[in-house]
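Because the structure is predicted, anything quoted here is derived from the model rather than measured. Sequence lines set the chain letters: A, B, ... in the order given, protein chains first and strands last, and positions in each chain run from 1.
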Amino acid sequence: MHMNERVRTILSHVMDVPLDQVGEDASTDTLTAWDSVRHMNLVLALEEEFGVEFTPDQTTAIVSLTAIVNALQARKPD
Amino acid sequence: MVNGHAHMSFAEIQRILNRPEVKALPKVRIAVLRNIMVEPLEPYLRYCAMESSLNADIRFGGYDLIVQEAAGASTDLLTGETDAVLVFMRLEGLSWTLARSFASLDAQARESELDRIDQLLASILTGLRQQTNALILFCAFEQPMHPAFGASDAQMPDGQTAIIARLNHMLRESLGRHQHAYLLDVNACLARIGSAAFYDQRYWHIGRAPYSRGALRELAAESWKFLRAVKGKQKKCLVLDCDNTLWGGVVGEDGIAGIKLGGAYPGSAYQEFQNEIVNLYHRGVIVALCSKNNEDDVWAVFRQHSDMVLKETHIASAQINWDDKATNLRRIAQDLNIGLDSLVFLDDNEVEIELVRRMVPEVEAVHLPKDRATDYRDMLASLGLFDTLTVNEEDRQRGAMYKAEGSRKRLHEQAPDMGSFLASLEMVGEIRPADAMSIPRIAQLTQKTNQFNLTTRRYADADISALAGCSDAEVISLRLKDKFGDSGLVGVAILTYAQRSAKIDTLLLSCRVLGRMVEDWFIGHLLRWAKDRGAIEVIGEYVATRKNAQVERFYEKQGFVAMSSGQPEGSKLFRFDLAAGLPVLPAHIKLVVGE
């Protein structure tokens with residue numbers, strides 16, 4: 001699966017919203033469920049799924065689908 | 001599967017928990033008070049609940065509002081329906097100096113901090129108890145990874161390590177002053193996975209969330225050991241395969257002298273495993289055998305092998321034959337008169353485990369990997385499935401009681417008829433109101449009894465105390481003994497009175513005394529008891545559950561008359577008119593009345 005899709009799937013599970021509501025522009029602004037608590041769960045889920053560990057700065061910066069994918073690609077080029 | 005989430009990713013757990021059928025399970029309501037961010041505990045705790053067929057509804061109190069919420073500041077956090085309150089009060093938030101600037105404290109400042117915390121803990125617990133009788137689980141204080149005085153800290157009677165141990169001692173004492181309040185052993189969780197894996201310092205700094213996924217998983221599992229017991233979902237009986245489980249090798253082929261048991265590796269691993277089984281026996285777990293062997297071979301090992309730690313006297317029931325294990329597990333459950341869902345089955349053979357999981361999914365089947373006998377002991381000790389809130393004298397003697405039950409069964413088989421069998425038991429029943437000594441056991445029975453339980457109302461110690469102290473209610477206990485031994489406290493009735501009407505709020509009997517007409521005798525005495533108190537009628541209630549169908553017609557059989565009333569679905573009321581005369585008491589049990 002393309003990284004975008006994998007991240008969207010995780011977003012859908014963690015935020016408990018249907019996949020089709022997680023758009024390419026998904027961010028803390030577009031998804032009301034994406035609060036600080038779910039953000040923590042999201043980081044845990046992403047780290048497990050991709051086998052990475054974000055730096056403290058990254059964990060606070062990845063607040064959109066684009067930012068997540070960029071951060072993952074920076075750590076783990078496909 | 002036990003701790004099935006151990007190998008599951010966080011996203012996978014969330015996906016499973018989002019399923020509608022999980023959300024539809026009966027609820028268990030948990031409130032979490034905390035001075036740290038601990039929200040990612042929720043999916044792990046909900047997963048544990050799901051494995052016990054429950055859906056955990058978890059509410060978090062405000063960040064760092066423990067004191068206020070314990071004093072009643074939040075009206076919707078603790079309600080009458082709350083099953084458990086978890087308190088995570090991390091030392092960092094409670095006393096930064098004790099946690100992080102310990103070396104700077106002089107003795108006087110340290111002692112005054114300890115006094116302040118002691119008083120605070122007492123007021124928090126009192127405040128919580130005023131709001132709810134629910135289970136309270138209070139997380140202990142973590143021992144530091146790097147104690148304040150380094151290598152010398154452990155040598156000092158007042159080093160940080162010693163002082164934190166003192167804090168935990170204080171906390172335990174404080175919890176002990178309340179009923180149904182327990183210490184959550186965070187340091188055991190920490191030791192299991194190691195401090196490097198326990199903390200995620202990134203989130204401590206970003207969001208005051210100190211614990212890693214692994215830590216939260218561990219804390220959820222540890223908390224669930226208590227909740228499982230509160231919800232009556234704990235297991236009662238350990239069923240063991242023999243070859244390559246209790247010993248290495250196959251006794252039918254290798255002979256008694258050829259099996260691996262005792263001495264050096266690998267026999268030592270099996271012996272340590274047996275040792276752990278015996279520990280469980282002494283905690284009140286029933287031990288049974290289910291294996292494909294010639295029966296004589298197995299008992300020959302038990303009787304003749306000098307390195308057997310597990311003895312024949314520990315075994316309450318055995319099915320040693322060539323029938324399939326699903327059938328044999330059903331027989332064991334029937335023989336012991338317990339539900340299939342009270343059984344945990346251990347086998348090294350994956351095929352058997354799969355068969356059991358498919359044929360009798362109620363049984364918790366645990367696979368022991370063949371090449372890892374060295375891990376068997378830890379696997380068994382880590383299950384946590386048998387854990388109870390307290391271990392009482394009743395528990396410690398359960399093994400012997402089930403053994404006595406076997407003797408009764410054999411007598412029954414030899415007796416010409418039921419009447420002469422019952423008479424030959426020479427039973428003596430003691431009926432008395434609940435007292436301080438019996439309250440924990442009474443509460444435990446309300447939590448655990450599923451089959452002969454007319455209403456299945458679960459009560460905590462505090463609830464029973466409250467009912468026992470109430471002027472229009474009575475909590476009555478039944479103790480039973482016979483010529484084979486003391487069965488202990490095996491029956492409970494709770495009567496509530498309104499004007500001249502007595503209502504049976506709770507009526508239950510431990511499954512170990514069923515089939516001896518104890519129920520007919522007990523209800524007969526309860527009717528007399530109510531009459532002596534001035535009642536003119538007794539109302540019995542039956543609330544249907546998945547497990548108590550056997551008592552659906554109990555009251556009718558005892559001469560009660562069904563009432564037509566607007567009872568909710570699954571609940572029925574029955575009336576006994578005391579003016580119309582009392583039933584004849586069965587003569588096979590002699591009464592002793594305690595005051």
message: Is any side-chain heavy atom of A:Leu46 closer than 4.5 Å to one of A:Val7?
response: yes
query: Hey, does B:Ile164 have a side-chain heavy atom less than 4.5 Å from the side chain of B:Pro144?
result: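 Answer yes - side chains close enough.
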query: Stepwise, does the side-chain contact (heavy atoms from CB on, under 4.5 Å) test hold for B:Ile136 with B:Leu125?
result: CA-CA 9 Å; B:Ile136 295 176; B:Leu125 291 172; 4.1 Å; yes
field: Pairs of heavy atoms under 4.5 Å with chain B: top-ranked of A:Val14, A:Ile10, A:Leu42
entry: A:Val14
message: Holding to side-chain contact (heavy atoms from CB on, under 4.5 Å), I want the full list of residues that pass it with B:Ala140, two or more places apart in sequence or in another chain.
response: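 For B:Ala140, the residues satisfying side-chain contact (heavy atoms from CB on, under 4.5 Å) (neighbours in sequence not counted) are B:Asn168, B:Leu183, B:Val186.
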message: Test of understanding: with side-chain contact (heavy atoms from CB on, under 4.5 Å), list the residues that count as partners of B:Val230, not counting sequence neighbours.
response: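 Applying side-chain contact (heavy atoms from CB on, under 4.5 Å) to B:Val230 gives B:Leu135, B:His180, B:Leu389.
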query: Considering residues at least two apart in sequence or located in another chain, which fulfil the side-chain hydrogen bond (donor to acceptor under 3.5 Å, both in side chains) criterion with A:Thr30?
result: none
Which atom pairs, one donor and one acceptor, sit under 3.5 Å between chain A and chain B?
unit_1: A:His13; atom_1: O; unit_2: B:Asn18; atom_2: ND2; d: 3.1
unit_1: A:Asp16; atom_1: OD1; unit_2: B:Asn18; atom_2: ND2; d: 3.4
unit_1: A:Asp16; atom_1: OD2; unit_2: B:Lys23; atom_2: NZ; d: 3.1
unit_1: A:Leu44; atom_1: O; unit_2: B:Arg213; atom_2: NH1; d: 3.2
unit_1: A:Glu47; atom_1: OE1; unit_2: B:Arg202; atom_2: NH2; d: 3.0
unit_1: A:Glu47; atom_1: OE2; unit_2: B:Arg202; atom_2: NH1; d: 2.5
unit_1: A:Glu47; atom_1: OE2; unit_2: B:Arg202; atom_2: NH2; d: 3.0
unit_1: A:Glu48; atom_1: OE1; unit_2: B:Phe10; atom_2: N; d: 2.3
unit_1: A:Phe54; atom_1: O; unit_2: B:Arg202; atom_2: NH1; d: 2.6

